[in-house]
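Worksheet for the structure shown next.
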Amino acid sequence: MISVTEEEVAIDPADYAQAKINKSLSSKDKIGLLREMLRIRRFEQVSLKFYNQGVMGGFLHLYIGQEAVAVGTISLMGDNDHIITAYRDHGHALAVGMSMNECMAELLGKATGCSRGKGGSMHYFAPDKNYWGGHGIVGGQTPLGLGLAYALKYKGLKGCCFCYMGDGAVNQGAYHESLNLAALWKLPVVYVIENNKYSMGTTIDRSSAMRNCLAERADGYGIVWDIANGEDLYEVRAKAHNALERAHKHSLPTVLEIDTYRYYGHSVADANAKKYRSPEEIERYKAHHDPLRLWEKRLVDEGVMTVEEIEKLDESIKDEANAAAQFALDSEFPAPETIFEDVYWEVDNNTESGSTGRHFFGD
Amino acid sequence: MPQITYRKAINDALAEEIIRDENVVIIGEEVARYNGAYKVTEGLWERFGDKRVVDAPISEAGFIGMGVGASMLGIRPVMELMFWSFAYVAWDQIINNAGQVRYMSGGLINCPIVIRGPANGGTNVGATHSHTPENFIANTPGLKVVCPATAYDAKGLMKAAIRDNDPVCVMENTLLYGETWEVPDEEYVIPLGVADIKREGTDISFIAHGRAVITALKAAEILAAEHGIQAEVLDLRSIRPLDEEAILKTVAKTHRVVLVDENKPFCGVSSQIAAMIQEQAFDDLDAPVQRVCSLDAPAIYSPALEKIQLPTPDRVVYKALQIL
Ligand SMILES: Cc1ncc(C[n+]2csc(CCOP(=O)(O)OP(=O)(O)O)c2C)c(N)n1
Ligand SMILES: [Mg+2]
C-alpha cells in the first residue's frame with residue numbers, strides 16, 4: 001500500500017507521464033488540468049472564509065489536498081461516462097464543469113444555487129454534466145453508482161460510472177453488496193476509494209480489517225483492483241484509464257484505491273481536527289505531496305508554463321472565486337413557496353396524476 | 001441545584017449506568033477516543049476504558065445488529081447513532097430484529113438494547129441529516145421511543161431506557177445539547193410512559209415532545225404576555241409507551257388543544273394524539289384539535305427557509321388564537 005511515512009516517497013517523473021493517455025495530452029490540456037485543480041482550491045478557500053465569518057453554516061467538507069483525484073479521473077470522461085460521489089463533493093462538481101457561481105450560491109442556500117438552495121454543500125447535483133451528486137449518507141451512493149453502470153449497460157452504451165467513496169465508507173454493507181452485484185452482473189462501474197487515511201478522527205487501522213489495502217478486498221469478488229498515488233496526476237490518469245477501458249471494452253468493474261490526503265478537518269466544524277494527527281504530518285503533506293504544487297512544478301519542468309504564467313492563471317482563478325462569492329452574497333434566498341416544489345415530478349408538472357388525490361398535508 | 005447541559009446530563013446517566021451494571025457497554029462511531037461527534041460521551045473512554053466504550057467503523061447495520069444480538073445474551077448495549085438520520089442504514093436490524101424478536105420467539109427472547117443519538121432538523125445540514133423518525137419507531141409495536149426536552153428528563157429517561165428490558169430508542173436534539181437546566185446531584189430515574197406538565201395553565205393545552213416543548217413554552221409566554229391567556233404545556237417525554245392519562249387530564253382541564261410536533265404532519269406523532277383525543281375526550285373539547293408540525297416537504301437546506309419549516313412559537317400562537 002502506498003502511504004507516506006517517515007521516508008518520503010519519491011516520484012519518478014518519468015513513470016506515468018509515458019502512459020499513452022498522458023502522452024496524448026497537449027500543453028493546453030495540461031494547463032486545463034492545472035486550472036481545474038486551482039479552481040477547486042481557490043473556491044474552497046473562499047467558502048472556508050464564508051464559513052468562518054458565519055455567512056454559511058451546517059457542514060463544509062473541504063476537498064483541498066485531494067484535487068488530483070477528482071481532476072485526474074474526471075479528465076478521462078467521455079459523453080457516456082458518469083460520476084457520483086459522497087458529501088465531500090465540491091471538487092468533483094467543479095471538475096465536471098459546474099460553475100463556481102452555482103456552487104457558491106448553494107453553500108449559502110440561495111435560489112441561484114445548483115440545487116436551488118435545497119441541498120447545500122453535501123448535495124450538489126448536475127445531471128446535465130453526468131454528475132449525480134453529492135450524497136450525505138456514507139456509502140449511500142455506492143449502489144447508485146452501480147445503478148448508473150447498470151443503466152448504461154442496459155441501454156447498450158459504451159460508458160462507465162466512477163463512483164467515489166472514502167476509506168471509511170468501505171465498511172458499509174451497501175458497498176459490499178454492490179461489489180458482488182458488479183462482479184456478478186459484469187457492470188461497468190469503477191469504485192474510486194479516496195483513501196485520505198481518516199474517516200473523521202478514525203485511522204484506517206482502527207476501522208478496517210484488511211490484508212494489505214482496502215482495494216484488495218475486491219479479490220474476494222474476483223474484481224480487478226489497483227492502487228494509485230493521488231499526488232501524481234499522471235499516475236491517477238493512467239490507472240483510472242485502465243479501469244475505464246476495462247469498463248468500456250469488457251463491461252467489468254474495478255476498484256481503484258487512490259492514496260490521498262485532506263489538509264483540513266473532516267468538516268470545518270471538526271472539533272477534533274487537531275487531535276488525531278499531528279501538525280507535522282499535515283505540513284509534510286503540504287510541503288512534499290501537494291498535488292497542485294507538484295503538477296505546477298511538472299509543467300514548469302516540461303516547459304509547458306513559466307512560473308509567471310502560473311501565477312497569472314492563479315490570479316484569474318482567484319478572481320473567479322471572488323466573483324462567485326459576490327454572486328452568492330447578492331443572490332436571493334428561495335421564496336417560501338418553493339419549499340413544496342421539487343418533491344413530486346407529477347405535481348411540479350401539473351399532470352393528471354399530480355392532481356389526483358392529495359400530495360401535501362397541512363397541520 | 002446545579003445547572004448542567006443536556007449533553008452533560010446524558011453523559012452522567014451513561015457513566016452512572018456503566019458503573020452500576022457491568023453489562024452496559026457504549027458502542028458507536030467516534031464515541032471513545034474522540035468523545036462522540038457531539039461530545040455526549042466525553043471522557044467516558046478515559047474513565048472506563050476499551051471494554052466499556054468502543055469506537056465502531058461506519059457500519060451501522062453491522063454494529064446495531066450486533067448490539068441486538070448481544071442484548072439477547074444479556075449485554076446492555078447503548079448504541080450511539082451519530083445522527084438518527086443514519087438509522088435507515090440499520091433499519092432492518094432495528095425494526096425486524098430488535099422490534100420483532102421477542103414476539104416471534106413467543107416471549108423467549110428479550111432485547112434490552114438502547115439506541116440513542118440526535119434526531120432533529122434545524123441545523124442547516126439538509127434533508128439526509130434532518131430526520132425525526134420517532135413516529136416510525138412508535139409505529140412498530142415491540143419498540144419504545146422517548147424524546148427528552150430538558151437535561152433533567154434526558155438523564156432520568158436515559159437511565160430508565162438502559163434498565164428497561166425492551167429495546168428503547170432515545171432521540172436527542174443537537175440544538176439542545178448545549179442548553180442548561182437544573183439537575184439534582186441525587187440519583188433519579190424517570191419511568192418511561194410518564195408525561196410531565198412543563199407549564200401550568202387553564203385556557204388551552206399545548207402537547208409536545210422533544211424540542212417542540214421548548215417552542216410550545218415560548219408560545220405560551222407570548223400568549224400570556226400579549227393576550228392574557230394561560231396555556232398549559234404538556235411534555236409527552238415518552239412517545240411509546242404514551243401517557244394517555246396525562247393527555248386526557250389536560251384536555252379535560254382546558255378543553256382546547258394545539259399539538260406541537262417537529263414530525264411531518266402525515267402520520268406524525270401528533271396524528272396519533274389527535275385521533276386518541278377525539279376518540280376518548282370528544283365531549284371535553286370546545287374546539288377542534290389543532291396541530292403545528294414541520295412543513296410537509298423534505299428538510300430544506302436553505303437556512304432562511306429551514307427556520308420556517310420547523311414549528312415556530314408564532315405559528316403555535318396563531319393556531320391557538322384560532323380556537324380561543
Ligand atoms: C451512514 C452514515 N454514518 C455516519 C455518517 C457520519 N459521517 C459522515 S462522514 C464520516 C466519515 C467518512 O469518512 P471517509 O469515508 O473516509 O470519507 P472522508 O470524509 O475521509 O472523505 C462519517 C462517520 C454518515 N454521514 N452516514
Ligand atoms: Mg477518509
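Chain naming here is simple, since letters A, B, ... match the order of the sequence lines and numbering starts at 1 in each. Just so it is clear, the values below take in all heavy atoms, side chains as well, and ignore hydrogens, waters and symmetry mates.
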Considering non-hydrogen atoms only, spot the tightest contact between [X] and [Y] and give its length.
X: Gly362(A); Y: Pro265(B); value: O-CB, 3.5 Å
X: Gln172(A); Y: Val89(B); value: OE1-CG1, 3.4 Å
X: Pro303(B); Y: Gly109(A); value: CD-CA, 4.2 Å
X: Val343(A); Y: Ala297(B); value: CG2-CB, 4.1 Å
X: Leu295(B); Y: Phe340(A); value: CB-CZ, 3.9 Å
X: Glu106(A); Y: Tyr301(B); value: O-CE2, 3.2 Å

Would you say that more than 12 heavy atoms from the other residues, nucleotides or ligands in this model lie under 6.0 Å from the [atom1] of [X], or not?
X: Phe136(B); atom1: CZ; result: no
X: Glu332(A); atom1: CD; result: no
X: Arg211(A); atom1: CZ; result: no
X: Lys218(B); atom1: NZ; result: no
X: Phe360(A); atom1: CZ; result: yes

So which of [options] has the largest heavy-atom pair count under 4.5 angstrom toward chain A?
options: Lys264(B), Gln290(B), Lys39(B), Gln309(B); result: Lys39(B)
options: Gly62(B), Ala299(B), Ala304(B), Ser270(B); result: Ala304(B)
options: Ala37(B), Gly126(B), Ser59(B); result: Ser59(B)

Would you mind checking which part of [X] comes under 4.5 Å of any heavy atom in chain B, side chain (CB onward), backbone (N, CA, C, O), both or neither?
X: Tyr175(A); value: neither
X: Met200(A); value: both
X: Ala269(A); value: neither

Which side-chain N or O atoms in residues 316-324 of chain B pair as donor and acceptor under 3.5 Å with protein atoms at least two apart or in another chain?
| residue | atom | partner | partner atom | Å |
| --- | --- | --- | --- | --- |
| Tyr318(B) | OH | Gln322(B) | NE2 | 3.4 |
| Lys319(B) | NZ | Asp363(A) | O | 3.4 |
| Lys319(B) | NZ | Asp363(A) | OD1 | 3.0 |
| Lys319(B) | NZ | Arg291(B) | O | 2.8 |

Are [X] and [Y] side-chain neighbours, meaning at least one heavy-atom pair lies under 4.5 Å?
X: Leu305(B); Y: Pro336(A); value: yes
X: Ile58(B); Y: Ser207(A); value: no
X: His129(B); Y: Phe59(A); value: yes
X: Ile308(B); Y: Ile339(A); value: yes

| field | Donor on one side chain, acceptor on other, Glu30(B) and Thr202(A), under 3.5 Å | value |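 Per modelled atom types, Glu30(B) and Thr202(A) side chains form a pair under 3.5 Å.
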| query | Are a donor atom and an acceptor atom from the side chains of His123(A) and Thr128(B) found within less than 3.5 Å of each other? | reply |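 Yes - a donor-acceptor pair under 3.5 Å links their side chains.
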Could you tell me which of [options] has the largest number of non-hydrogen atom pairs under 4.5 Å with chain B?
options: His359(A), Arg206(A), Lys118(A); answer: Arg206(A)
options: Thr338(A), Leu107(A), Val170(A); answer: Leu107(A)
options: His266(A), Lys275(A), Lys110(A); answer: Lys275(A)

| task | Find the distance between CD1 (Ile137(A)) and CD (Glu60(B)) and round it off to the nearest 0.5 Å. | result |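 The CD atom of Glu60(B) is 8.5 Å from CD1 of Ile137(A), to the nearest 0.5 Å.
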| field | Sidechain-backbone polar pair: Asn171(A) side chain, Pro57(B) backbone, donor-acceptor under 3.5 Å | value |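 Judged by distance alone, no pair lies under 3.5 Å.
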